[in-house]
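Here the structure comes first, spelled out in structure tokens, and everything after it is commentary.
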Amino acid sequence: MSDGRALELADRAWRAAEADEADAVVQIEESGFARFAGSEVHQPTLISDESITLRVVRDGKVGCAVTNRTDDEGLGEMARRAAEAADSAPADPGYAGLQPPATVPDVAGYDDETAVLTPEEQAALAAQAIEAVPEYGLYGYFTSGATETAVASSTGHAVSQEMTDASVLAIAASDDASGYAEETSWKTGDLDPAGCAREAAEKAGRTRGATEIEAGTHAAILEPYAFSELLWYFGFSSLGALSCLEGRSYLSGRLGEKLFDEKFTLIDDGLDPEGMPKAFDLEGVPKQRVTIVEDGVAKDVVWDRRTAKRAGEGKESTGHALTAPAQGFGPLPLNLSVRAGDVPTAGLPERVGDGIYVTRLHYLGVVDPREGIITGMTRDGTFKIEGGKVTKPLVNLRFTTSFPKLVEGILGLSDEVVLVNRSDYYDERYPFGTRVPAIATSSFTIVGTGSGPGL
């Protein structure tokens, strides 16, 4: 992609600093979006960006600065601002030092075909989705990108990785119907935009005439789109070491206990070629596979250098750090994967009997992180399950449910695992997602109803 430019920039950046220690993270992006609405591509977007984050340590005080200016003057100005921030800060007793030189694992995650997609080819792939469902207005996007991430520091540690990713998202909608589908991969060849659009349209066609349902705790099936959304919010609030150490996590004080159904095993594996592979985190620490839950037993959370230092007792980073300015969130599990079950997807309704079927969720928020309670709405394909069959469409439902109870009450997991995109593309492109099956559960709590499907 860039012939080592990211690593060269990272090296120049930390060397521009006047500091006791310094490291730099460089993220280079070449990407394109073909957004469509009402079955017309309306917002083609091309991005070419180079972003540098510099962290400096001066007399035990840490400062950071970020720039997109990569000439010597721009790097010098960034170094000056980082030094000024450090000098203005109190000493940082939680600072854990920089990553010493280390070898990072070889991973997959770069595809030549995806890296060289032109804007015209991106638009053509969007057009494949649009043309597949002329009976609906289609809303969504096709996007692909090539990125390079590098970390270099005054310790002599220097690592880089090139990545590609591509996603298609489709909402087929009319005034009284809507359905949703998406696909994502680091290989464009894995995607079928037309098939994705047809899935959304098939779902939309079954949503007309939606009715309401009583509030209460229902048995439910959550498609991978919906399960991924809940898992991500639970992961953000409970599966990182900082929230665990501070007592905010559902796992705080509960590691080693059987908390979930024995069918539930959860790992974070940045090395998995079926996900969005990463060789190292944004401190340059080599990625490790972390077993978070095994056969229902809570085993661990993910760590960065700062939280490992705070915990002591020989704890080490598992390679889950964010960039220095974002480390107030603590380490995050960006490559979550739930072990598949043994139920064909079509067989899950029989496990539920009577309940509800949920395609996807939106507008989520964490109500109580200590208890894993999350609220939000269902959207674009919610149905009633009666007698082991998916039947009538339902209006959008407001839920406030416990993720731990959801996976305590597993009735079945599908035997297929799907990679679901979790990137929102608002900041530097850093592709990640979750690999999850569909889930049938005895516990999904509905607290109200909303609007019907459609525009």
Results of salt bridge (charged side-chain N to carboxylate O under 4.0 Å, His left out) for [X] - residues two or more places apart only:
| X | result |
| --- | --- |
| Arg379 | none |
| Asp111 | none |
| Arg289 | Asp269 |
| Glu274 | none |

Query raised in the report: Which pairs, with at least one residue in residues 340-357 and sequence neighbours excluded, count as a side chain to side chain donor-acceptor pair (under 3.5 Å)?
Result: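 Those involving residues 340-357 are Glu223-Tyr357.
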Please determine whether a side-chain nitrogen of the Lys or Arg among [X] and [Y] lies less than 4.0 Å from a carboxylate oxygen of the Asp or Glu.
| X | Y | result |
| --- | --- | --- |
| Arg360 | Asp380 | yes |
| Arg5 | Glu8 | yes |
| Arg55 | Glu21 | no |
| Lys61 | Asp92 | no |
| Arg339 | Asp295 | yes |
| Arg370 | Asp368 | no |
| Glu199 | Lys203 | no |
| Asp300 | Lys315 | yes |
| Glu183 | Arg198 | no |

Could you pull out all residues at least two apart from [X] that satisfy side-chain contact (heavy atoms from CB on, under 4.5 Å)?
| X | value |
| --- | --- |
| Lys309 | Ala96 |
| Arg248 | Leu242, Ser243, Glu246 |
| Val107 | Gln161, Leu271, Pro277, Ala279 |
| Ala340 | Val417 |

Query raised in the report: Would you say the ring centroid of Trp232 lies under 6.0 angstrom from that of Phe432?
Result: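 Yes, the ring centres sit under 6.0 Å apart.
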Any donor and acceptor pair, going by atom type alone, linking the side chain of [X] with main-chain N or O of [Y] inside 3.5 Å?
| X | Y | answer |
| --- | --- | --- |
| Thr114 | Thr188 | yes |
| Asp268 | Leu334 | yes |
| Ser167 | Thr184 | no |
| Ser31 | Ser144 | no |

Sequence neighbours excluded, which residues qualify as ring-ring contact (aromatic ring centres under 6.0 Å, His included) partners of [X]?
| X | result |
| --- | --- |
| Tyr363 | none |
| Tyr425 | Phe33 |
| Tyr250 | none |

